[in-house]
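Everything below concerns the one structure shown next.
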Amino acid sequence: MIDKITWDDLSLNEIYSGLNTCCTSAGEDFLYERFFDPFDSNREDFIYLIDNKCIKPNKSLNLVGKLKKYKFKECLDKISNIQAESNIKHYIMILFVILSFVLIFVYPGPGILFMFAAVSASLVIYFKEQRLKSGELYAFSYIIKLINSITYFSGDSSDRANAIIEELNSLKKKLSNIGRFSFLIKKNVSTDGNPIDVILDYLRMIFHLDIIKFNNMVSSVKENSDEIIRLYELIGMVDAACAVRKYRDSLSYYCIPEFVEEKTLEIEDGYHPLIVKPVSNSINTNKSVLLTGSNASGKSTFLKMVALNIIFAESFGFSFAKSIKLKRCSIYSSMALRDSISDGDSYFIKEIKALKRIVDAADSDETIICFIDEVLRGTNTIERIAASSEILLNLADKNAIVFAATHDNELTSTLSPKYENYHFTEEIKDNDISFSYKLLQGVSKTRNAVKLLSFMGFNDETVKNAEKRINSFETSGTW
């Protein structure tokens, strides 16, 4: 499970865009929700559908399509907000109109007058009561597409596939009255001159056919809202499974996760899926990890790689690695925060709020794995090291595994032995810098910020004076 901050930190919107080849809005919504609630009641069926092509949607998903104007929840809300009305007055008007036609053959003169009066009254009531709105009609249209699509689903002989198909058919039977005679509802009067459409338009107005059907559909949708939501969920699950399987098949390699009860994390040759030529790394730990290393050496990418492997293991049943073993957990991060003018929060305030939510989450019984990049970077060095030490030690004592990256090597001693030290490094040679991006054990012994100034074109005087200041501080301990 993740939250919105972690979604943004890990660029999951970009990951989701690559993953999302769904044909329906139901599939898109189901796929999105996997990130935030991976262990719901649909998990086993969903993972099974990804691993086994046991249900063939055929043309059903294209028939359903995607919502363009509203979200599905908005569609249901629009219908639920409609005041249900009785059709009795409409049935009475129908009766009067029919009687007027019969009366013409018995008493032609009075019958014609009565028919004129009945039809006129019917039309007046029709235009007064007519309340078909585009939003509600759009909602009904999509619900009917969902119901009609069930016809085209087919499954293999597996028990799980049969159970899903049976549930779909059961829902179709229960909801069939919603779509029956739905052609009677039409938003606008025909203007193309088609005689059949024109006649049907007048019949709708005289006999209130669309209003009666509309009222019946409103009642049916309200009475069966749980079934409609479940249908949307099932079709979304099948669609999302097809999209995830397609994405997984495009990977250079992946693995099926092994979930264990003990608090541990083992990843072999994990990689980041957004990097074209990724460098793989492995980690095997049952305690928290502190990363040190120079700028651009790979610390942040490593944190994101580990987090993504855990999220995909839990949400989709595979990881970007050769193997992964882990305990089920929630994921929290504080990595790519920004200040907010609209909220009135500075960067530092945003950061401590993000860290506080992690500390609060660690107080629960649920295991969490959290990722913190440059903890408390928004404040001065002395307070940063002091406060960072206490926050990270506090988290390590709770039901959490922490992955933290820092440029403050002082933390490597203050956090020992509760944190394992790893680092990334670089090689500077011939006025050039190169990175291996491989995770190494121990504490970083290098730095490259001033060298990077030189490589980026800063003048030699600036670079040399910066190096002098460093040497002076290391010798005297003062600036």
Side-chain angles (χ1 to χ4, degrees), residues 1-2 4 6-40 42-62 64-67 153 155-156 160-161 164 232-259 267-281 301-324 326 328 331 333:
M1 185 181 74
I2 64 170
K4 187 62 172 62
T6 302
W7 174 276
D8 292 336
D9 281 349
L10 300 178
S11 303
L12 281 171
N13 200 50
E14 189 174 354
I15 299 281
Y16 174 78
S17 296
L19 188 63
N20 178 21
T21 54
C22 295
C23 299
T24 69
S25 295
E28 291 181 331
D29 287 349
F30 190 94
L31 191 65
Y32 180 79
E33 289 300 323
R34 291 304 88 200
F35 289 96
F36 296 92
D37 189 13
F39 293 112
D40 67 3
N42 292 309
R43 175 182 167 76
E44 290 187 9
D45 284 341
F46 180 54
I47 301 301
Y48 185 85
L49 290 177
I50 295 173
D51 293 337
N52 303 274
K53 297 179 181 180
C54 59
I55 291 183
K56 296 179 180 179
N58 301 312
K59 65 178 182 179
S60 60
L61 300 181
N62 290 326
V64 174
K66 296 181 180 180
L67 289 162
F153 281 93
D156 62 18
R160 199 177 292 268
I164 294 172
Y232 186 78
E233 196 174 59
L234 282 174
I235 291 176
M237 180 170 65
V238 174
D239 191 12
C242 293
V244 172
R245 189 188 313 117
K246 180 180 179 181
Y247 177 83
R248 190 179 70 175
D249 290 345
S250 71
L251 300 174
S252 55
Y253 63 85
Y254 64 88
C255 69
I256 305 302
E258 178 186 352
F259 291 100
I267 298 176
E268 179 187 1
D269 289 336
Y271 64 95
H272 194 299
L274 292 181
I275 298 177
V276 177
K277 294 181 179 180
V279 175
S280 64
N281 275 296
T301 300
F302 176 79
L303 293 180
K304 294 177 181 179
M305 178 276 288
V306 174
L308 286 173
N309 270 281
I310 298 170
I311 290 169
F312 269 73
E314 296 188 336
S315 298
F316 305 110
F318 72 93
S319 290
F320 312 103
K322 290 184 178 176
S323 68
I324 183 170
L326 71 161
R328 291 185 177 185
I331 303 298
S333 67

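Counting begins at 1 with the first residue of the sequence. If you're wondering where the values come from, they're calculated on a predicted model, not measured in any experiment.
Distance alone, capped at 3.5 Å, places no donor-acceptor pair between the Asn52 side chain and the Cys54 backbone.
Looking at residues two or more places apart in sequence or on another chain, you find a side-chain contact (heavy atoms from CB on, under 4.5 Å) between Pro257 and Phe259, Ala313, Ile324, Leu326. Applying the side-chain contact (heavy atoms from CB on, under 4.5 Å) criterion to Asn62, with sequence neighbours excluded, gives Cys23. Evaluation of the ring pair (Phe, Tyr, Trp, His ring centres under 6.0 Å) rule for Phe320 yields Tyr271, Phe312, Phe318 as partners, not counting sequence neighbours. Every residue meeting the salt bridge (charged side-chain N to carboxylate O under 4.0 Å, His left out) condition with Lys66, not counting sequence neighbours, appears here in chain and number order: Glu28. Contacts of Lys56 classified as side-chain contact (heavy atoms from CB on, under 4.5 Å), with partners at least two apart in sequence or in another chain: Asn58, Ser154. For Asp45, the salt bridge (charged side-chain N to carboxylate O under 4.0 Å, His left out) partners are Arg160, not counting sequence neighbours. Listed by chain and residue number, Arg230 satisfy the salt bridge (charged side-chain N to carboxylate O under 4.0 Å, His left out) test with Glu233 (two or more places apart in sequence, or in another chain). Partners of Asp9 by side chain to side chain donor-acceptor pair (under 3.5 Å), not counting sequence neighbours, listed by chain and number: Ser333. In this view, Thr21 satisfies the side chain to side chain donor-acceptor pair (under 3.5 Å) rule with no residue, not counting sequence neighbours. In this view, Lys4 and Asp8 satisfy the salt bridge (charged side-chain N to carboxylate O under 4.0 Å, His left out) rule, not counting sequence neighbours.
For the residue pair Gly317 and Ile256, the shortest heavy atom distance occurs at O-CD1, 3.5 Å. Closest approach of Phe35 to Ile2, counting heavy atoms only: O-CG1, 3.3 Å. Taking both residues in full, the closest heavy atoms of His272 and Thr301 are given as CD2-O, 4.2 Å, listed atom of the first, atom of the second, then distance. Minimum heavy-atom separation, Ala161 to Asp156: CB-OD1, 3.3 Å. In plain terms, the two heavy atoms of Glu268 and Ala321 that are nearest each other are O-CB, 3.4 Å. The heavy-atom pair separating Pro57 from Cys242 by the smallest distance is CG-SG, 4.2 Å.
Distance check: Thr6 OG1 to Met1 CE gives 9.5 Å after rounding to the nearest 0.5 Å. Once rounded to the nearest 0.5 Å, the distance linking CD1 of Ile275 with NZ of Lys304 reads 9.0 Å. Annotation: the span from Ser25 atom OG to Ile235 atom CD1 amounts to 11.5 Å, rounded to 0.5 Å. To the nearest 0.5 angstrom, Ile267 atom CD1 is 5.5 Å from Met305 atom CE.
Taking 4.5 Å as the limit, some side-chain heavy atom of Met237 sits within range of a side-chain heavy atom of Leu49. Between Phe30 and Phe46 the shortest side-chain heavy-atom distance falls below 4.5 Å. Residues Asn281 and Asp269 have side chains not in contact (no heavy-atom distance under 4.5 Å, counting atoms from C-beta outward). Tyr253 has its side chain within reach of Ser280: a pair of non-hydrogen atoms, C-beta onward, lies under 4.5 Å apart. The closest side-chain heavy-atom distance from Arg248 to Asp51 is below 4.5 Å. Two residues are said to be in side-chain contact when any heavy atoms from C-beta on lie closer than 4.5 Å; Leu10 and Ile15 fail this criterion.
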Might you work through the side chain to side chain contact (heavy atoms under 4.5 Å, CB included) test for Leu31 and Phe316, ending with a clear yes or no?
CA-CA 9 Å; Leu31 191 65; Phe316 305 110; 3.7 Å; yes
Residue pair Ser315, Phe36: steps toward the side chain to side chain contact (heavy atoms under 4.5 Å, CB included) verdict
CA-CA 8 Å; Ser315 298; Phe36 296 92; over 6 Å; no
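Residues in residues 30-40 take part in these side-chain hydrogen bond (donor to acceptor under 3.5 Å, both in side chains) pairs, two or more places apart or across chains: Arg34-Asp40. Residue pairs meeting the side-chain hydrogen bond (donor to acceptor under 3.5 Å, both in side chains) criterion with at least one partner in residues 236-247, sequence neighbours excluded, are Thr24-Asp239.
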